[in-house]
Amino acid sequence: MKTCNGTTGVMDLFEKERVVKICAPMVRYSKLAFRSLVRKYNCDICFTPMIVAADFMRSIKARDSDFTTNECDRPLIVQFAAHDAQTLADAACVVAPFSDGVDLNCGCPQRWAMSAGYGACLINKPELVKDMVRHVRNQVDNPNYTVSIKIRIHKDLRQTVDLCQKAESAGVSWITVHGRTAEERHQPVHYDAIKTIKDSVSVPVIANGDIKYLRDVESIHQLTGVDGVMAARGLLANPAMFAGYEETPLECIWNWVDISIGQGTPFTCFHHHLTYMLERVSSQPERKVFNSLSSTSAIIDYLQNTYGSVHELGTCVY
């Protein structure tokens, strides 16, 4: 883990009377290199991928593998999967000097997570969530350090409101709501449910789900009154989305190349991100060729020959 310089409190962002734009926690994808990229394009806050707190505390190797940052990687929220209050608090204390807050994952619907007591099963354990929030709040020695939760909704929204109000009473800093139940995947987002939750608590509420363009940010804000929005797949497809681009600009693609080379991003991750970024701007035959490329140099040659070069490689500041 690399040391970061301190920054002003994250909560100050919610005082500026504009919608806060957040990069979601994404397993394998929201790592340092990608966070460095989206920060160039009006992303206010970035989340790490979800980290299992027990593994993080058990192994130095896991800590070094799961959590990498640098002095420019702020504001940064570290998301943990946990089902034990002290373990979450211990993990929060470890990352607190290098980040601006921790988030408890109460929304992951994957079977492995729920069977282990993590993720979306926690929305049915409001007292445990309340206890975990309180432990972090009491044990991290920094009053500006945030503790947030990311949830899915219940079919009976009264249960979700109860969960959020209990978390608020424990000192939660803000709540991110993915507007689907744990069983829903690609069904329409329940923005009415997000609005109900926003109207039921006084802490900031973040909307998550189906944010693909900058215009979606304002329309969801108008629908729900939320304080911020969080995007995942929309940013994977277009890391410059929050800056108003409808599709990934060429400059952004070359920025990704520069950052990846500079930070030593593994080839598979480097390639996968470009596959997402190019999906909207490339034809199926082009995608087939691109997917078959097997080296960084082959990808650079392909990009230069197909799309052209915006600037000389290596000149980007990261």
Side-chain angles (χ1 to χ4, degrees), residues 21-43 46-47 49 110 178-180 184-189 207-220 229-318:
K21 303 174 189 70
I22 303 175
C23 175
M26 292 177 277
V27 174
R28 295 185 301 277
Y29 292 120
S30 61
K31 294 194 172 184
L32 175 61
F34 188 69
R35 299 195 302 264
S36 302
L37 181 65
V38 297
R39 290 186 193 279
K40 290 178 174 289
Y41 297 97
N42 294 359
C43 186
C46 290
F47 275 54
Q110 293 185 26
H178 185 121
R180 295 184 175 99
E184 292 175 324
R185 293 297 182 271
H186 304 293
Q187 290 88 338
V189 175
N208 175 224
D210 285 0
I211 295 156
K212 298 176 182 175
Y213 300 96
L214 183 61
R215 60 181 176 269
D216 297 334
V217 173
E218 186 54 36
S219 63
I220 290 166
V229 297
M230 176 184 284
R233 285 177 298 200
L235 281 175
L236 281 180
N238 178 9
M241 174 183 72
F242 286 148
Y245 292 92
E246 293 284 299
E247 55 194 32
T248 309
L250 187 57
E251 173 203 72
C252 180
I253 290 167
W254 284 115
N255 276 335
W256 172 245
V257 173
D258 284 347
I259 290 168
S260 297
I261 291 172
Q263 296 188 6
T265 300
F267 175 78
T268 300
C269 179
F270 169 64
H271 192 191
H272 282 180
H273 274 291
L274 284 170
T275 301
Y276 282 114
M277 291 181 211
L278 294 171
E279 190 169 10
R280 293 181 190 168
V281 298
S282 58
S283 65
Q284 190 171 0
E286 286 172 336
R287 288 196 293 273
K288 189 173 182 180
V289 171
F290 184 80
N291 291 344
S292 71
L293 301 176
S294 58
S295 71
T296 300
S297 59
I299 285 176
I300 291 172
D301 288 344
Y302 174 88
L303 292 174
Q304 287 176 329
N305 292 334
T306 307
Y307 302 105
S309 179
V310 172
H311 53 70
E312 291 297 315
L313 293 178
T315 61
C316 181
V317 177
Y318 32 79

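Only this structure's heavy atoms are used, side chains among them; waters, hydrogens and symmetry mates stay out. Worth saying up front: this structure is predicted, and the values here are computed from it rather than measured.
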Smallest separation among heavy atoms of [X] and [Y], with atom names:
X	Y	value
Thr248	Met277	OG1-O, 3.3 Å
Pro239	Cys252	CB-SG, 3.8 Å
Met241	Ile211	SD-O, 3.7 Å
Gly209	Arg180	CA-NH1, 4.3 Å
Val38	Cys46	CG2-SG, 3.6 Å
Cys43	Cys23	SG-N, 3.5 Å

Please answer whether the main-chain N or O of [Y] pairs with a side-chain N or O of [X] as donor and acceptor at a distance below 3.5 Å.
X	Y	answer
Glu247	Val281	no
Asp301	Ala298	no
Arg287	Thr275	no
Ser260	Phe270	no
Arg280	Ala237	no
Trp254	Gly308	yes
Arg28	Cys269	no

> Where do Leu37 and His273 land on the side chain to side chain contact (heavy atoms under 4.5 Å, CB included) test, with the steps shown first?
Replying inline: CA-CA 11 Å; Leu37 181 65; His273 274 291; over 6 Å; no
Pairwise distance [atom1]([X]) to [atom2]([Y]) - rounded to 0.5 angstrom:
X	Y	atom1	atom2	result
Leu274	Phe290	CG	CZ	4.5 Å
Glu246	Leu214	CD	CG	8.5 Å
Ser30	Ile22	OG	CD1	12.5 Å
Gln263	Phe34	CD	CZ	12.5 Å
Gln284	Asn291	CD	CG	10.0 Å
Leu32	Thr265	CG	OG1	8.0 Å

> Can you tell me if Thr306 and Glu286 form a side-chain donor-acceptor pair at under 3.5 Å?
Replying inline: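 No donor-acceptor contact under 3.5 Å links the two side chains.
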A side-chain contact here means heavy atoms from C-beta on lying under 4.5 Å apart; do [X] and [Y] qualify?
X	Y	answer
Ile261	Ile300	yes
Lys40	Glu251	no
Tyr276	Arg233	no
Ser309	Leu250	no
His271	Ser294	no

> What's the verdict on side chain to side chain contact (heavy atoms under 4.5 Å, CB included) for Asp216 and Asp210, showing C-alpha distance, side-chain angles and the deciding distance?
Replying inline: CA-CA 8 Å; Asp216 297 334; Asp210 285 0; over 6 Å; no
> Is the number of heavy atoms from other residues, nucleotides or ligands under 6.0 Å of Tyr307 OH greater than 12?
Replying inline: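 Yes, enclosed.
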>> Go through it in stages, so that I can follow the logic: the residues are Tyr41 and Leu235, the test is side chain to side chain contact (heavy atoms under 4.5 Å, CB included), and I'd like the CA-CA distance, side-chain angles, deciding distance and then a yes or no.
In response: CA-CA 10 Å; Tyr41 297 97; Leu235 281 175; over 6 Å; no
